[in-house]
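Convention: sequence-line order gives letters A, B, ...; per-chain numbering from 1. Owing to the predicted nature of the structure, the values given are computational and were not obtained by experimental measurement.
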Amino acid sequence: MASEESELLRLLHHPATVVAPQLLGAVVQHSTPEGTVAVRLTEVEAYQGPADSHTPDPGSHSYRGQTARNAVMFGPPGHFYVYFTYGMHYCANIVCAPAGTSSGVLLRAGEVIDGLELARHRRPVSRNDHDLAQGPARLASALGMGREHNGAALHGGNFKVTLGRPLPAAAVLNGPRVGVSGAGGSATYPWRFWIAGDPTVSRYKAAAARRPPQEPVRRRSTPA
DNA sequence: GGCGGGATATTCT
DNA sequence: GAATATCCCGCCC
């Protein structure tokens, strides 16, 4: 409904670090001629733009200013920022904070709650249903999202985004972001948020070190 | 269930 | 020319 829509838009005017945990439990629905798939978000990450806060975020695509790729992040909130990476994958963000700023929330994982058959068809390699959207590129794939959806509105067209019921504080955990490397950028801020105990939360290892260690690493080093 | 390595193309330096 | 907000496969515990 329109009121739900405006509630979402109101939320999306806040910085990514505020928006991200509130998007947990929200549902992203995408309809195509093939059918409809809906995903309930269980894991997200916040990326702040340079103008959004005094804390620099080298992990953000917008850290070095506007380029052709990240232009959508600098636009108004309420749109998808979809980028292509590693030569084969797409990842989807929800742009937040007012136009002129460049925050976004990366959709990292979710539970497919509608269109299971179509999602399985799009991701034949998944062996379990909780794998279907377990990871940002998997989630985009399950939803049938690609380059053509960069800049698409969250509402209207073939998309619909609905906030979930507020989660109890204890159900939301946070920690370092995944795959964010680079000097100063790696895991600097605990801006990854997920729903505690949910089986669809991604389990990938953190970013690999940029350079190999100077000496072989012992397999059985003592844990912390 | 975890680790290592390769695939693959767009993007920015 | 290097790096990348990743995923999948094969191999080993």
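- Remark: P of C/dC7 and CG of A/Asn128 are 16 Å apart, rounded to the nearest angstrom.
- Remark: P of C/dT4 and CD of A/Glu45 are 15 Å apart, rounded to the nearest angstrom.
- In this structure, the side chains of A/Leu163 and A/Leu23 come closer than 4.5 Å at one or more pairs of heavy atoms.
- Distance, A/Arg69 CZ to B/dA9 P: 16 Å, rounded to whole Å.
- Mapped onto DNA chain B by nearest heavy atom, A/Gln66 and A/Gly87 fall at different nucleotides, with A/Gly87 at the one closer to the 5' end.
- Atom CD in A/Gln134 sits roughly 13 Å away from atom C1' in C/dC8 (whole-Å rounding).
- Between C/dC7, B/dT10, B/dT8, one nucleotide has an atom nearer to the side chain of A/Phe84 than all others, and that is B/dT10.
- Taking only side-chain atoms of A/Arg64, from C-beta outward, the nucleotide of B/dT13, B/dT10, C/dA5 with the closest atom is B/dT13.
- Here B/dT8 presents its C1' atom at 12 Å from OH of A/Tyr90, a figure rounded to the nearest Å.
- Taking the six-membered ring wherever Trp is involved, the centroid distance between the rings of A/His149 and A/Phe159 falls below 6.0 Å.
- A/His61 and A/Tyr81 have perpendicular rings, their planes meeting at more than 60° on a 0 to 90° scale where under 30° would count as parallel.
- For A/Ser60 and A/Ser62, the side-chain atoms include at least one donor-acceptor pair closer than 3.5 Å.
- Spacing between atom CZ of A/Arg203 and atom P of B/dG1 amounts to 8 Å, rounded to whole angstrom units.
- Regarding contacts with the backbone of C/dA5, every side-chain N or O of A/Arg192 stays at 4.0 angstrom or more from both OP1 and OP2.
- Pairing for B/dT8 is absent, with no Watson-Crick or G-U wobble pair whose two atom distances lie under 3.5 Å.
- Residue A/Thr67 places at least one side-chain N or O closer than 4.0 Å to OP1 or OP2 of B/dC12.
- Using a 4.0 Å cut-off, some side-chain N or O of A/Arg108 falls inside it from OP1 or OP2 of C/dT6.
- Close to C/dC7, at under 4.0 Å from its OP1 or OP2, lies no side-chain N or O of A/Arg123.
- Counting only heavy atoms from C-beta on, A/Val125 has its side chain closest to C/dC9 among C/dA5, C/dC9, C/dC7.
- Between the NE2 atom of A/His61 and the P atom of C/dT4 there is a distance of 10 Å, rounded to whole Å.
- Between the side chains of A/Ser202 and A/Gln134, no donor-acceptor pair is found at a separation under 3.5 Å.
- Among all heavy-atom pairs drawn from A/Ser126 and A/Arg123, the shortest one is OG-NH2, 2.8 Å.
- With distances taken from any side-chain atom of A/Asn93 to the nucleotides C/dA5, B/dT8, C/dC8, the minimum falls on C/dA5.
- We find that OH of A/Tyr47 is positioned 12 Å from C1' of C/dT4, with the value rounded to whole Å.
- Phosphate contact (OP1/OP2 of C/dC7, side-chain N/O of A/His89, threshold under 4.0 Å): absent.
- Heavy atoms of A/Arg147 sit under 4.0 angstrom from primed sugar atoms or phosphate atoms, though from no base atom.
- Here A/Tyr86 does not count as stacked on B/dT8, because the ring centres are not under 5.5 angstrom apart with planes under 30°.
- For A/Arg138, the side-chain atoms get nearest to C/dC7 when compared with the rest of B/dA9, C/dA5, C/dC7.
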